[in-house]
Amino acid sequence: MTSRYHEVYAAWRADPEAFWVEAAREIDWFRPWDRVFDPDLGIYGRWFAGAECNTCHNCVDRHAARRPDEAAIIYDSPVTGTVRTITYGDLLGEVSALAAVLLDNGIGKGDRVILYMPMVPEAIVAMLACARIGAIHSVVFGGFAAHELATRIDDCRPKLIVSASCGIEPGRIVPYKPLLDGAIARAAHKPERCLILQRPEHGCELLPGRDLDYAQAVALARGRAVPCAALKATDPLYILYTSGTTGQPKGVVRDNGGHMVALKWSMAAIYAVDPGEVFWAASDVGWVVGHSYIVYAPLLHGCTTVLYEGKPVGTPDAGAFWRVIAEHRVAALFTAPTAFRAIKKEDPGGTHVRNHDLSGFRTLFLAGERADPDTIQWAERILGVPVVDHWWQTETAWAIAANPVGLGMLPVRYGSPTVAMPGYDVEVLSDAGEPVAPGTLGNIAVRLPLPPGCLPTLWNADQRFSDGYLSEFPGFYKTADAGFRDEDGYLFVMARTDDIINVAGHRLSTGAIEEVLASHPDVAECAVIGIADELKGQLPCGFVVLKSGKARNPAEIERECVGRVRAEIGPVAALKTVFVVDRLPKTRSGKILRATMRQIADGEKVRVPPTIDDPAILDEIRETMGRHGRPPSPPDD
Ligand code: COA
Ligand code: AMP
């Protein structure tokens, strides 16, 4: 099939509003829009201004009305030994009941509800119940600890939190309640209610007067019909916090109307799946991939979505993904490259594939971090299906660049997520804001306005949104990714331009980790860098300088630092290495040379900035890392 991509992209460019009006026909609206795009609303304009709609109606009710017995969710949980199918009819019942519980507890339109949940169907039900009544959900990933949860509580000030008694990681139960209680104790804002799902694997005590038992509350509300609220297309559907350059996470805001239009369009055009087919995003509902492609897009499209509570390896083995694909007839899988690196490490020959019937499986999609060509080619070889790398961010909710399988695939260029999707006018800019020539590395930016689905602003932080994303290159959204475009328009996304690192597909701020290290009473100053890791892409690595007069055993302090980050940010930070050093390399103006330290750690050629204060410190860092088994870097430039 020849690709229609160029034709479709040209049609969007010729008339963006007509393009999105056509896509919007796939959505049920309660009231049509006054303007497709209103450039005078919000910070850079708003999509579908004046329209009224409801995301839950489009995800649940309209499918439940036509085909109530079709599967909406397949919950597959190797960690609890459960496989359960939830039909669209069942889902409507569960969502309505929970929506009734929320209303009974005083939650209404515009109120915030935090969801701190493991990968259980109730997490999806809670997202949809909020959407149904116009409450704004904010899901916090279960791998974050109390401090991170507290920051989010104080930023979005939820009236209610939905949580569970525990999460389950291979070989260990993660009790959520102490983390939840700890976060509420730390936060200045106190939610009025917590709705707690008791899991049989590990129960918890409920706090009288504040906590309600999820199952009991929902059982009492079962059978109650709660209509879908008529919301403005521009009303927020959710807030999703993501790492910024400081410890204060950024609340990415998503609207209702544009988000539905873009996600629905992507299911056919990019992922090439039909309603009724099974789509699986092996991620977590706490990340944007989970929001968009476990929950909203597949349900908007009337697909069956797989909710997988397990890992690519170890639950029970490196054949877990193939079992799920075969057992549930998955047509397309979306995951992060790190999952495939983990499988490749355990089963390099791909022998587990042979034990499963993958005949219904058509395409593998990868995103969340740079997909290394080795991993892509290995996946192609063992699976015998196209492997599509695509690039996007929490901020955008859907792909900025992809190989649009539904429009007909373009030839693959390894290392490139292919081309800009309709809606995105992508430019590569010099630091001075001028477009650079093909093949030249620069700042990847998107000309405003951003397409439907992308963030209109940050929660309660319009100025931070403008300053952080829109001010450096006027007229553009700064992606904070660096890369280049080749002569044919293929994009290559190489690295972040800020201090964000990507650990196993998870986005982390080195600044946030530094804040925790700096809070150790014996630490005078510190630096955290992301160093290359074969499995996780990057791993954080900390360097701390002790306050003078501190004669404690450095190894003990290193251990305490690691423990603090795990306790404060959470295990997902994956900080295992902290070095006590005498000094940190700096410029004469006192700026820590993190990039130079990373080059030393990764064994790259070290470019010593002319402004360095004392080059001898680089040798000290080299010596410290060498003692811990990092290869020596080549001589300095
Ligand atoms: N709740 C509590 N703890 C969690 C958690 C959760 N929801 N998710 C992860 N953790 C813990 C892990 O148990 C691990 O703890 P440990 O230090 O005690 O081993 C730690 O956080 C780091 O987790 P992770 O980086 O995910 O490493 P891992 O070794 O558990 O698994 C992979 C590695 C590659 C298998 C896993 O990261 C993976 O499947 N990633 C790809 C899919 C994905 O989630 N992508 C994200 C966006 S698309
Ligand atoms: P997140 O907001 O957590 O989805 O992380 C977004 C960041 O992950 C991007 O800004 C990129 O740095 C990185 N990223 C995501 N997908 C890709 C990809 N396909 N190729 C390269 N980098 C990617």
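Remember, it's 1-based here, ligands and their atoms both numbered in the order they're listed.
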For atom 20 (C) of ligand 1, the closest protein heavy atom turns out to be Pro571 O, 3.3 Å
Spacing of OG1 belonging to Thr305 relative to CD1 belonging to Ile73, to within rounding of 0.5 Å: 7.5 Å
Option passing ring pair (Phe, Tyr, Trp, His ring centres under 6.0 Å) with Phe334 (candidates Trp398, Phe340, Tyr293, Phe365): Tyr293
Restricting to heavy atoms, the pick from Glu169, Arg172, Lys536, Arg507 nearest atom 15 (O) of ligand 1 would be Arg172
Using heavy-atom distances only, which candidate in Thr338, Leu508, Ile294 approaches atom 40 (N) of ligand 1 most closely? Thr338
Work out whether the distance between some heavy atom of Gly167 and some atom of ligand 1 is less than 4.0 Å. no
What's the shortest distance from atom 10 (O) of ligand 2 to any protein heavy atom, and which residue and atom give it? Asp481 OD2, 2.6 Å
For His506, which part has a heavy atom under 4.0 Å from ligand 2: side chain, backbone, both, or neither? neither
Determine the interplanar angle of the His291 and Tyr238 rings, folded into 0 to 90°, and report it as parallel if under 30°, tilted if 30 to 60°, perpendicular if over 60°. tilted
From Ser283, Pro312, Ala320 - option closest to atom 38 (C) of ligand 1 by heavy atom: Pro312
Within reach of ligand 2, part of Asn502 (heavy-atom separation under 4.0 Å): side chain
Out of Lys345, Arg341, Lys311, His506, the nearest non-hydrogen contact to atom 30 (O) of ligand 1 is supplied by Lys311
Which residue and atom name correspond to the protein heavy atom nearest atom 15 (C) of ligand 2, and how close is it? Gly368 C, 3.3 Å
Identity and separation of the nearest protein heavy atom to atom 16 (P) of ligand 1: Arg566 NH1, 3.7 Å
When you look for heavy atoms under 4.0 Å from ligand 2, do you find them on the side chain of Arg370, its backbone, both, or neither? both
Residue-level breakdown please: for Pro118 versus ligand 1, do any non-hydrogen atoms fall below 4.0 Å on the side chain, on the backbone, on both, or on neither? neither
Show the atoms of ligand 2 that are less than 4.0 angstrom away from any heavy atom in Arg496. 9 (C), 10 (O), 12 (O)
Closest to atom 2 (O) of ligand 2 by heavy-atom distance, out of Leu491, Ile444, Thr394, is Thr394
Which protein non-hydrogen atom lies closest to atom 45 (N) of ligand 1, naming both residue and atom, and how far is it? Ala336 CB, 3.7 Å
Where on Lys576 is there a heavy atom closer than 4.0 Å to ligand 1, on the side chain, on the backbone, on both, or on neither? side chain
Just jot down the ligand 2 atoms closer than 4.0 angstrom to any heavy atom of His390, in number order. 16 (N), 18 (C), 19 (N)
Just by distance, with hydrogens left out, do Trp280 and Asp76 show a side-chain donor and acceptor under 3.5 Å apart? no
With the threshold set at under 4.0 angstrom, would you say Phe334 reaches ligand 1 through any of its heavy atoms? no
For a quick check under 3.5 Å, do Tyr214 and Gln198 share a side-chain donor-acceptor pair by atom type? no
Calculate, to the nearest 0.5 Å, the distance between atoms OG and NE2 belonging to Ser283 and His506 respectively. 8.0 Å
Near Val572 (heavy-atom distance under 4.0 Å), the atoms of ligand 1 are 21 (O)
If you measure from CH2 on Trp322 to CG on Leu358, what distance do you get to the nearest 0.5 Å? 7.5 Å
Measure the distances from the heavy atoms of Val313 to every atom of ligand 1 and state whether one is below 4.0 angstrom. no
Side chain, backbone, both or neither: the part of Trp287 lying under 4.0 Å from ligand 2 by heavy atom: neither
Go through the side-chain N and O atoms of Thr315 and Tyr308 and say whether any donor and acceptor fall under 3.5 Å apart. yes
Atom 8 (N) of ligand 1: the protein heavy-atom neighbour that sits closest, reported with distance to 0.1 Å: Phe141 CZ, 3.4 Å
Quick one: pull up OH in Tyr5 and CD1 in Ile270 and give me the separation to the nearest 0.5 Å. 10.5 Å
Ring geometry between Phe144 and Phe141 (parallel below 30°, tilted from 30 to 60°, perpendicular above 60°): perpendicular
heavy-atom search around atom 37 (O) of ligand 1 in the protein gives Ala504 CB, 3.6 Å
What protein heavy atom is closest to atom 3 (O) of ligand 2, reported as residue, atom name and distance in Å? Arg507 CB, 3.3 Å
Tyr414 and Glu380 side chains, donor-acceptor separation under 3.5 Å: yes
